[in-house]
There are 2 protein chains.
Amino acid sequence: MFDIDIQSRIPIYEQIYNKVIELIIKGILVENAQLPSVRNLSKELNVNPNTVAKAYQELERSKIIYSLSGRGSFVSEIDREKMKERILEDFDICVRETLQFGLTKDELKNRIDGVSL
Amino acid sequence: MFDIDIQSRIPIYEQIYNKVIELIIKGILVENAQLPSVRNLSKELNVNPNTVAKAYQELERSKIIYSLSGRGSFVSEIDREKMKERILEDFDICVRETLQFGLTKDELKNRIDGVSL
DNA sequence: TTATGTGTACTAAATGAGATATTACACATA
DNA sequence: TATGTGTAATATCTCATTTAGTACACATAA
């Protein structure tokens, strides 16, 4: 569920951050659902607790989750559209970078069809 | 011409690498055109010569440029389609990451129209 | 030949982000 | 009371990136 890629150039804490967003958007983590505890998730991922804590703190700063001392961390009120918007803004950057190389928007659109998960 | 972003999380040598590709794709650097010398470009960018050299060496490894000892570095034979393909493969990764969040291909395609350089 | 400009190689050091190790504290709750 | 929670703090390690400096071999024009 929280699989991460140690090889990736994307920092672990950022992968966790993104994973939580992904799970929320997909409806797997619903409003007020409790996230795995820092210590449990760190064991599950074979990662230092500080790393998970950092991800959770960033998520809280973004108001995506809220953490209660002694209780745990939970999913905030969800505005799916706002979350999607945030993802799409990252996508914009990628598109912009690609266009910069001189490719056309049509080439990009056609390309999307061929992409498979 | 070779503007780079010191703030970026993308390494300088990689920005230079990408810049050269961009200039080739756009037809600004044509076949057998000479690149700025390692020392000159390093001065222009306020960057260590080693950093430029690293970019050039990577470009040569990729057969995008060729370097002649004592002469300089030059643009290789160009297969624009192959270069585009390489760019698009990076784009694929980005698309895949975005789809992973649960967005649809149509949402992505529509989004592209709104992007401006 | 000489001077200058080219790529290349090498070693050493500085930097910074990321991750780890460890301990500790305050809080909630069964 | 015991256990589990988030949080904080400090020190350390690792690694990629970048810098600094020097040196060598080659090409070429003066």
Side-chain angles (χ1 to χ4, degrees), chain A residues 1-20 23-24 29 31-76 90, chain B residues 1-20 23-24 29 31-76 90:
Chain A
M1 186 170 182
F2 268 89
D3 55 313
I4 56 170
D5 179 9
I6 303 293
Q7 320 293 331
S8 170
R9 86 149 74 183
I10 299 170
I12 297 174
Y13 76 89
E14 206 169 315
Q15 291 185 52
I16 297 172
Y17 180 101
N18 286 331
K19 201 58 165 181
V20 170
L23 293 173
I24 292 176
L29 281 178
E31 206 158 312
N32 296 315
Q34 182 164 10
L35 296 171
S37 78
V38 168
R39 290 171 179 80
N40 279 344
L41 186 52
S42 77
K43 274 179 199 161
E44 185 184 329
L45 300 180
N46 276 317
V47 148
N48 193 278
N50 295 334
T51 305
V52 177
K54 183 170 183 182
Y56 280 14
Q57 282 155 12
E58 292 293 322
L59 284 163
E60 192 176 20
R61 263 185 9 97
S62 305
K63 301 195 191 302
I64 294 169
I65 68 173
Y66 58 96
S67 297
L68 303 180
S69 193
R71 299 277 313 277
S73 299
F74 308 85
V75 177
S76 298
D90 285 342
Chain B
M1 184 168 181
F2 268 90
D3 56 312
I4 55 169
D5 178 8
I6 303 293
Q7 321 293 332
S8 169
R9 83 150 75 184
I10 299 169
I12 298 174
Y13 76 89
E14 206 171 316
Q15 291 185 52
I16 297 172
Y17 181 101
N18 286 332
K19 201 60 166 179
V20 170
L23 294 173
I24 292 176
L29 281 178
E31 206 158 311
N32 295 316
Q34 182 162 11
L35 297 172
S37 77
V38 167
R39 290 172 180 79
N40 279 345
L41 186 51
S42 77
K43 274 178 200 161
E44 185 183 329
L45 300 180
N46 277 316
V47 148
N48 193 280
N50 294 334
T51 305
V52 177
K54 184 171 182 180
Y56 280 15
Q57 281 155 12
E58 291 293 321
L59 283 163
E60 192 175 22
R61 263 186 11 97
S62 304
K63 303 195 189 303
I64 293 169
I65 69 172
Y66 60 95
S67 297
L68 302 180
S69 193
R71 299 277 313 277
S73 299
F74 309 85
V75 178
S76 300
D90 285 343

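Chain identifiers are assigned alphabetically (A, B, ...) following the order of the sequence lines, protein sequences preceding nucleic acid strands; residue numbering begins at 1 within each chain.
Remark: nothing in residues 6-20 of chain A comes within less than 4.0 Å of DNA chain D through any heavy atom. DNA chain C is contacted by no residue of residues 58-67 of chain A, taking any non-hydrogen atom closer than 4.0 Å.
The side-chain hydrogen bond (donor to acceptor under 3.5 Å, both in side chains) pairs that include a residue from residues 43-56 of chain A are A/N48-A/N50, where partners are two or more places apart or lie in different chains. Each salt bridge (Lys or Arg N to Asp or Glu O under 4.0 Å) pair with one or both residues in residues 7-18 of chain A, not counting sequence neighbours, appears once here: A/R9-B/E14, A/E14-B/R9.
Distance check: B/Q34 CD to B/L29 CG gives 11.0 Å after rounding to the nearest 0.5 Å. B/L35 CG to B/F2 CZ: the interatomic distance, rounded to the nearest 0.5 Å, is 6.0 Å.
The nearest pair of heavy atoms linking A/Q15 to A/I10 is NE2-O, 2.9 Å. Shortest non-hydrogen contact noted between B/I24 and B/V75 is CD1-CG1, 3.8 Å.
One can place NZ of B/K54 at 9 Å from P of D/dA16, the figure rounded to the nearest angstrom. The separation between A/N50 atom CG and D/dA9 atom P is 12 Å, rounded to whole Å. Counting to the nearest Å, the C1' atom of D/dC13 and the CG atom of A/N48 are 12 Å from each other.
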Do any side-chain atoms of residues 57-65 of chain A form donor-acceptor pairs under 3.5 angstrom with protein atoms, and if so which ones, sequence neighbours left out?
| unit_1 | atom_1 | unit_2 | atom_2 | d |
| --- | --- | --- | --- | --- |
| A/E60 | OE2 | A/S67 | N | 3.2 |
| A/S62 | OG | A/Y17 | OH | 2.8 |
| A/S62 | OG | A/E58 | O | 3.0 |

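In terms of the side chain to side chain contact (heavy atoms under 4.5 Å, CB included) criterion, residue partners of B/E31 (sequence neighbours excluded) are, by chain and number, B/E77, B/I78. For B/S76, the side chain to side chain contact (heavy atoms under 4.5 Å, CB included) criterion is met by B/Y66, not counting sequence neighbours. In this structure A/D3 satisfies the side chain to side chain donor-acceptor pair (under 3.5 Å) test together with A/K19, sequence neighbours excluded. With sequence neighbours excluded, the residues satisfying side chain to side chain contact (heavy atoms under 4.5 Å, CB included) with B/R39 are B/S37.
For B/R71, counting side-chain heavy atoms from C-beta on, the closest listed nucleotide (D/dT19, D/dT28, D/dT7) is D/dT28.
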Derivation of the side chain to side chain contact (heavy atoms under 4.5 Å, CB included) call for A/I16 and A/L41: CA-CA 10 Å; A/I16 297 172; A/L41 186 52; 4.3 Å; yes
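Residues A/I12 and A/L45 have side chains not in contact (no heavy-atom distance under 4.5 Å, counting atoms from C-beta outward).
Close approach of DNA chain C to chain B, defined as any atom under 4.0 Å from a non-hydrogen atom of the protein, starts and stops at C/dG5 to C/dC10.
Taken together, the paired segments of DNA chain C that extend over three or more consecutive Watson-Crick or G-U pairs, each closer than 3.5 Å at both contacts, are C:1-30 with D:1-30.
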